[in-house]
2 protein chains.
Amino acid sequence: MQNTRTAYVILGMLSIKSNLSGYEIHKAIEDNFGSFWGESYGQIYPSLKRLATEGLIEPCKPASAPKKRRQEYLLTDAGRVCLREWLALPFQNDPPRNEFLLKLFFGREAANGVPIMHVRELQERNRRMLATLEGIESMARGRELQNPHRPYWMLTLGLGIALTRAALDWGESALAELAFIEAAAAENPQPADTSTNPEPGL
Amino acid sequence: MQNTRTAYVILGMLSIKSNLSGYEIHKAIEDNFGSFWGESYGQIYPSLKRLATEGLIEPCKPASAPKKRRQEYLLTDAGRVCLREWLALPFQNDPPRNEFLLKLFFGREAANGVPIMHVRELQERNRRMLATLEGIESMARGRELQNPHRPYWMLTLGLGIALTRAALDWGESALAELAFIEAAAAENPQPADTSTNPEPGL
DNA sequence: CGTGGCATGTAAACGGTTACATGATTTA
DNA sequence: TAAATCATGTAACCGTTTACATGCCACG
């Protein structure tokens, strides 16, 4: 069956709401998951075709808007079973790749001011992220209290907010620390010296 | 030149320490970056060859251990320039993919107890992670105070620790919340109903 | 009438992992 | 001498992004 995670995201979206098109699924992922998942059309459309041939989803006529030229899908019983099986499997950690941390790690090698610049940029991105997440949170406050998905959605939102806040806090102290480091380096300008450096590893 | 990030990690490692082999670079990445970066041999060895033909690194004889059958490299001036240029470029956020959050988001669709299981598993992984990072931190305490890389390495370590702690805190409250949710769901067992669910999006 | 959003798709390239093959050296 | 670790490499595969192509429909 070789089901990719793209396929499961699609099944998941269709389990929440039926009669979605590829375009709408893409949009729904962006709106609901944007901060922790992404899919491109190049993945979505072929996956929809494959899921349909496997009988996990079913193409159907546009229900509400019959004018639009578009293909909608709904989840089959087999698809729901497949989704549930996948949900029960242990989650996998994706191989870690954080380019910000990488550049900060090599900060000593960078030109003066570069690490500070990167941390400032990180702060900006995280402030935007926090604003987005808190916006969603405040919009959700008191609404849809009966929606059975709501508690789970609020939990994911909560982790996003907690991590972003922690990163912002760290950023503040990092900026102070970096100002100190670079001031010291400016007083004592020693060029990078490869040969005499100690082992990598603290 | 089409330089991948793998190439820059290699340049970065060689800027910290010369006369590293592909094997040692792999190990150094794992030891120093394990929590936020990874490279496979299938990337490293071809990259070393390419970087050498481009003159950014230079193959050299094993310095300290001439017995070993292995190829070591050192960074050229051109390589250092190339590294510095890349370091000054804005960092890119990798496309977000967090399978844990995805499965939690779809938690309502999962069998009973599954979301709690995932959060418990997350807590375990994060506890191990925190132990590792704090182990490094305590090993580093008071050591290599003159190492010019140290402040940057400590900053990266600090962010890792801060994020892991934040995730652990969130996990505790999430477990309580999930116990509550699933207790309520057990009292009031309503099957998933696709057709009448509201729009996705809180 | 034009623009922007809606909508579907494909081909090529890319970055990366996995699995495999091979063999030397060290240590128990 | 057996096992672990050191060490180098390649081919196939995989998931994904990007760029491109196409065209509809609604709204100003």
Side-chain angles (χ1 to χ4, degrees), chain A residues 1-10 13 19-31 33-34 36-53 57 59-73 86 92-99 102, chain B residues 1-10 13 19-31 33-34 36-53 57 59-73 86 92-99 102:
Chain A
M1 195 170 357
Q2 62 134 345
N3 276 326
T4 69
R5 292 175 311 168
T6 303
Y8 291 112
V9 183
I10 292 173
M13 276 322 315
N19 291 87
L20 292 174
S21 65
Y23 186 86
E24 282 175 312
I25 288 169
H26 180 261
K27 198 172 176 308
I29 290 168
E30 191 137 314
D31 292 347
F33 298 156
F36 63 80
W37 202 269
E39 292 292 347
S40 63
Y41 291 124
Q43 286 280 93
I44 289 174
Y45 285 111
S47 295
L48 284 170
K49 290 287 158 77
R50 224 196 58 235
L51 286 168
T53 66
I57 64 175
C60 61
K61 299 280 158 195
S64 46
K67 294 195 167 187
K68 303 254 183 180
R69 157 248 194 188
R70 69 178 197 181
Q71 187 53 252
E72 298 181 349
Y73 296 89
W86 175 74
Q92 64 175 97
N93 289 0
D94 295 52
R97 291 214 137 192
N98 187 323
E99 194 175 300
L102 194 59
Chain B
M1 191 165 3
Q2 61 131 348
N3 275 327
T4 69
R5 291 174 312 167
T6 303
Y8 292 111
V9 184
I10 291 173
M13 277 322 316
N19 294 289
L20 293 174
S21 66
Y23 185 87
E24 281 174 312
I25 288 170
H26 180 262
K27 197 171 178 307
I29 290 169
E30 191 138 316
D31 292 348
F33 298 155
F36 63 81
W37 204 268
E39 293 292 347
S40 62
Y41 291 124
Q43 287 279 93
I44 289 173
Y45 284 111
S47 295
L48 284 170
K49 289 287 157 78
R50 224 196 57 234
L51 286 169
T53 66
I57 64 175
C60 62
K61 299 280 156 196
S64 46
K67 292 194 170 189
K68 302 252 182 179
R69 159 248 193 191
R70 70 179 196 178
Q71 187 53 254
E72 298 180 351
Y73 296 89
W86 176 75
Q92 64 175 100
N93 290 358
D94 295 54
R97 291 212 136 193
N98 187 323
E99 195 175 301
L102 194 60

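Chain A is the first sequence line, chain B the second, and so forth, proteins listed ahead of strands; every chain is numbered from 1.
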> A:Gln71 CD to D:dC24 C1': how many Å, rounded?
Replying inline: 16 Å

> If you look at every heavy atom in A:Ile29 and A:Gly38, which pair is closest and at what distance?
Replying inline: CG2-CA, 4.3 Å

> Can you name the residues that form a salt bridge (Lys or Arg N to Asp or Glu O under 4.0 Å) with A:Glu99, not counting sequence neighbours?
Replying inline: A:Lys103, B:Arg5

>> Nearest whole Å is fine: how far is D:dG9 C1' from B:Glu24 CD?
In response: 17 Å

> Where do A:Cys60 and A:Gln71 come nearest, in terms of heavy atoms and distance?
Replying inline: O-OE1, 3.1 Å

> In whole angstroms, how far is the C1' atom of D:dT8 from the CD atom of B:Glu72?
Replying inline: 14 Å

> Atom NE2 of A:His26 and atom P of C:dA7: how far apart are they, to the nearest Å?
Replying inline: 13 Å

>> What's the closest nucleotide to the side chain of A:Tyr45 if the choices are D:dT8, D:dG9, C:dT8?
In response: C:dT8

> Would one find a side-chain N or O of B:Tyr23 under 4.0 angstrom from OP1 or OP2 of D:dT8?
Replying inline: no

>> Between P on C:dT17 and CG on B:Asp94, what's the gap in Å once rounded to a whole number?
In response: 12 Å

> Looking only at heavy atoms, what is the nearest atom pair of B:Tyr23 and B:Tyr45, with distance?
Replying inline: N-OH, 3.4 Å

> How long is the line joining CD of B:Glu30 and P of D:dC6, in whole Å?
Replying inline: 11 Å

With the criterion being N/O to N/O and under 3.5 Å, what pairs connect the protein with nucleotides 18-23 of chain D, and how long is each?
none

> What heavy-atom pair brings B:Ile57 and B:Tyr73 nearest, and what distance separates the two atoms?
Replying inline: CD1-CD2, 3.5 Å

> Given D:dG15, C:dG15, D:dT10, which nucleotide is nearest the side-chain atoms of B:Thr4?
Replying inline: C:dG15

> Sequence neighbours excluded, which residues qualify as salt bridge (Lys or Arg N to Asp or Glu O under 4.0 Å) partners of A:Lys27?
Replying inline: A:Asp31

> What are the two closest heavy atoms between A:Ile25 and A:Leu20, and how far apart are they?
Replying inline: CG1-CB, 3.8 Å

> Taking the nucleotide of DNA chain D with the closest heavy atom to each, which residue, B:Pro95 or B:Gly22, is nearer the 5' end?
Replying inline: B:Gly22

> Given D:dG9, is OP1 or OP2 found less than 4.0 Å from the side-chain N or O atoms of B:Lys49?
Replying inline: yes

>> Between C1' on C:dC14 and CD on B:Gln92, what's the gap in Å once rounded to a whole number?
In response: 13 Å

>> Distance check needed: C:dT8 P versus A:Ile44 CD1, whole Å only.
In response: 10 Å

